Engineer: 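Take a look at the following structure, please.
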Amino acid sequence: MSASTDTAPRSPAQSSLPEDAGVLGGGRMGSGIAHALLLAGCRVRVAESGAERVAAARANVEKAVRASAERGTLDPAALDGVLARLEVGEGPQFLAPAGLVVEAVPEDPALKARVLSALDAVLAPDAVLASNTSSISIAELGAALPEHRSLIGLHFFNPVPASTLVEVVLRPGTPDELVDRARGWVQQMGKTAVVVRDSPGFASSRLGVALGLEAVRMLEEGVASAEDIDAAMALGYKHPVGPLRLTDLVGLDVRLGIAEHLERTLGPRFAPPQLLRDKVARGELGRKSGQGFYTW
């Protein structure tokens, strides 16, 4: 299937998310996905590991939901009811009642494969698994799952509450019925689906990383300052944020990991610049560490 966007209305059967949905991983991406599912009307379970991470995940999701009420995208009168549909607990077993579970753990193929297998063991046979991976092959992730298990890529964008895009990634043999359901789910969350086949970096990461790596090379070569490189793209091409500031927001370590994966699968044009490697080695990971290409 070729890439496309989805704006056409769907039937209720196609567009309805399961009443119970789950998210494995309560970090920035996982909490954002949980926020989107809550505002779409689901009862949402978020699973983390350890009491400290469970508490942090709950705080992350509640903060995102309250921010929606403050911005006016959620009726403040509905706030308590939305938060009442949130549960946070430990481990894959906690997500067993869910009809759809999105894994949002770090971008590590082995880790993602392990958690998907653990989820498969506890979910009902007709439950759908989704990966929020930004670059890893969905077919590779699903290789150890039983044939009957539905698996699809749902690549949300950071920050999830503000982003209106979700990449729906199809592994070979994905049935049309599941594609239609996934498009409907994305629409119900108030976002737009872009459907892509399973290939390295999909569409968004492949293009976004290519631009980001070239911006790092330009900075490394002294072509211009980080601020001016970003201004060139923001003012000249109407990008909402420049590629270096965006790399800080995504995380330099995340960008490095994706670039290394794309270099292995697509070739040397995705080789990470030494400046990016050096910054990650120094712990300059972007906004989350306080220092990246910018000081936060």
Side-chain angles (χ1 to χ4, degrees), residues 6 10-27 29-48 57 61 64-65 82 85-89 91-105 112-134 136 138-139 141-142 145-157 160-161 163 165-171 173-196 198:
D6 178 69
R10 302 279 158 184
S11 72
Q14 290 173 319
S15 63
S16 293
L17 282 156
E19 289 186 5
D20 292 282
V23 181
L24 184 61
M29 291 303 298
S31 61
I33 295 167
H35 164 273
L37 290 166
L38 281 167
L39 266 59
C42 297
R43 291 189 297 266
V44 179
R45 289 173 172 242
V46 179
E48 259 294 357
V61 180
V65 174
V82 172
R85 290 191 268 105
L86 171 67
E87 295 184 58
V88 187
Q93 181 63 46
F94 181 70
L95 303 177
L100 166 67
V101 174
V102 183
E103 69 78 11
V105 300
K112 286 185 179 289
R114 284 199 304 273
V115 300
L116 287 169
S117 292
L119 287 165
D120 173 69
V122 300
L123 294 176
D126 60 348
V128 176
L129 278 173
S131 174
N132 184 52
T133 180
S134 57
I136 301 168
I138 300 299
L141 292 177
L145 297 177
E147 274 190 30
H148 72 78
R149 176 61 70 195
S150 294
L151 173 68
I152 201 162
L154 290 178
H155 175 206
F156 291 79
F157 287 74
V160 179
S163 172
L165 177 65
V166 178
E167 242 178 345
V168 176
V169 186
L170 315 181
R171 61 174 174 170
T174 300
D176 290 343
E177 180 268 342
L178 180 56
V179 179
D180 283 340
R181 290 172 70 195
R183 283 170 157 167
W185 296 338
V186 172
Q187 185 176 343
Q188 190 174 340
M189 286 185 275
K191 303 182 186 298
T192 298
V194 173
V195 179
V196 299
D198 193 9

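Predicted, not measured: the structure shown is a model, and the values here were computed from it.
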Engineer: Side chains of M189 and F156: does their closest heavy-atom pair fall under 4.5 Å?
Structural biologist: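 A side-chain contact exists here, since the closest heavy-atom pair is under 4.5 Å.
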Engineer: I want to check something: taking the side chain as every heavy atom from C-beta on, are L86 and L38 in contact at a cut-off of under 4.5 Å?
Structural biologist: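 SC-SC contact between L86 and L38 confirmed.
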Engineer: Is any side-chain heavy atom of R45 less than 4.5 Å from a side-chain heavy atom of V88?
Structural biologist: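 The answer is no, as the side chains (C-beta and beyond) never meet within the 4.5 Å cut-off.
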Engineer: Is there a donor-acceptor pair closer than 3.5 Å between any side-chain N or O of E103 and the backbone N or O of S131?
Structural biologist: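 Absent.
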Engineer: With a 4.5 Å heavy-atom cut-off, do V122 and L95 have their side chains touching?
Structural biologist: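 No, side chains not in contact.
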Engineer: Donor-acceptor pair, distance only, cut-off 3.5 Å: does the side chain of K112 make one with the backbone of L141?
Structural biologist: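 Looks like no, no N/O pair under 3.5 Å.
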Engineer: Side-chain contact test, heavy atoms from C-beta onward, threshold under 4.5 Å: evaluate it for V168 versus V194 and give yes or no.
Structural biologist: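 When only atoms from C-beta onward are counted, V194 and V168 do not touch, as no gap falls below 4.5 Å.
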Engineer: Does R183 form a side chain to side chain contact (heavy atoms under 4.5 Å, CB included) with V195? I'd like the steps, not just the answer.
Structural biologist: CA-CA 8 Å; R183 283 170 157 167; V195 179; 3.5 Å; yes
Engineer: Between R171 and D198, does the salt bridge (Lys or Arg N to Asp or Glu O under 4.0 Å) criterion hold? Intermediate values first, please.
Structural biologist: CA-CA 5 Å; R171 61 174 174 170; D198 193 9; over 6 Å; no
Engineer: Is there a side-chain contact between L116 and R149, using heavy atoms and a 4.5 Å cut-off?
Structural biologist: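 No, every pair of side-chain atoms sits at 4.5 Å or beyond.
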Engineer: Under 4.0 Å between a Lys/Arg side-chain N and an Asp/Glu carboxylate O for D20 and R43?
Structural biologist: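 A salt bridge is present here (some side-chain N lies under 4.0 Å from a carboxylate O).
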Engineer: Would you compute the distance between atom CD of E19 and atom CZ of R85 and round it to the nearest 0.5 angstrom?
Structural biologist: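 Going from the CD atom of E19 to the CZ atom of R85 covers 11.0 Å.
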Engineer: Only one of V166, V128, D180 passes side-chain contact (heavy atoms from CB on, under 4.5 Å) with W185; say which it is.
Structural biologist: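 The side-chain contact (heavy atoms from CB on, under 4.5 Å) with W185 is passed solely by V128 among V166, V128, D180.
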Engineer: For L24, which of L119, N132, L129, V102 qualifies under side-chain contact (heavy atoms from CB on, under 4.5 Å)?
Structural biologist: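 Between L24 and the candidates, side-chain contact (heavy atoms from CB on, under 4.5 Å) is satisfied uniquely by L119.
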Engineer: Output yes when a side-chain donor or acceptor of K191 lies under 3.5 Å from a complementary backbone atom of S163, and no otherwise.
Structural biologist: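 It does hold such a pair.
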Engineer: Between E48 (side chain only) and G26 (backbone N and O only), is there a donor and an acceptor less than 3.5 Å apart?
Structural biologist: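 Flag set: sc E48 to bb G26 pair under 3.5 Å.
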Engineer: Are F157 and E167 close enough that some pair of their side-chain heavy atoms sits under 4.5 Å apart?
Structural biologist: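 Sidechains of E167 and F157: in contact.
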Engineer: Test side chain to side chain contact (heavy atoms under 4.5 Å, CB included) on V179 and L170 and set out the steps.
Structural biologist: CA-CA 8 Å; V179 179; L170 315 181; 3.6 Å; yes
Engineer: Do L178 and I152 have side chains that approach each other closer than 4.5 Å (heavy atoms only, starting at C-beta)?
Structural biologist: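 Sidechains of I152 and L178: in contact.
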Engineer: Restricting to non-hydrogen atoms, name the atom on I138 and the atom on L151 that form the minimum distance, rounded to 0.1 Å.
Structural biologist: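 Of all heavy-atom pairs spanning I138 and L151, the closest is O-CD2, 3.7 Å.
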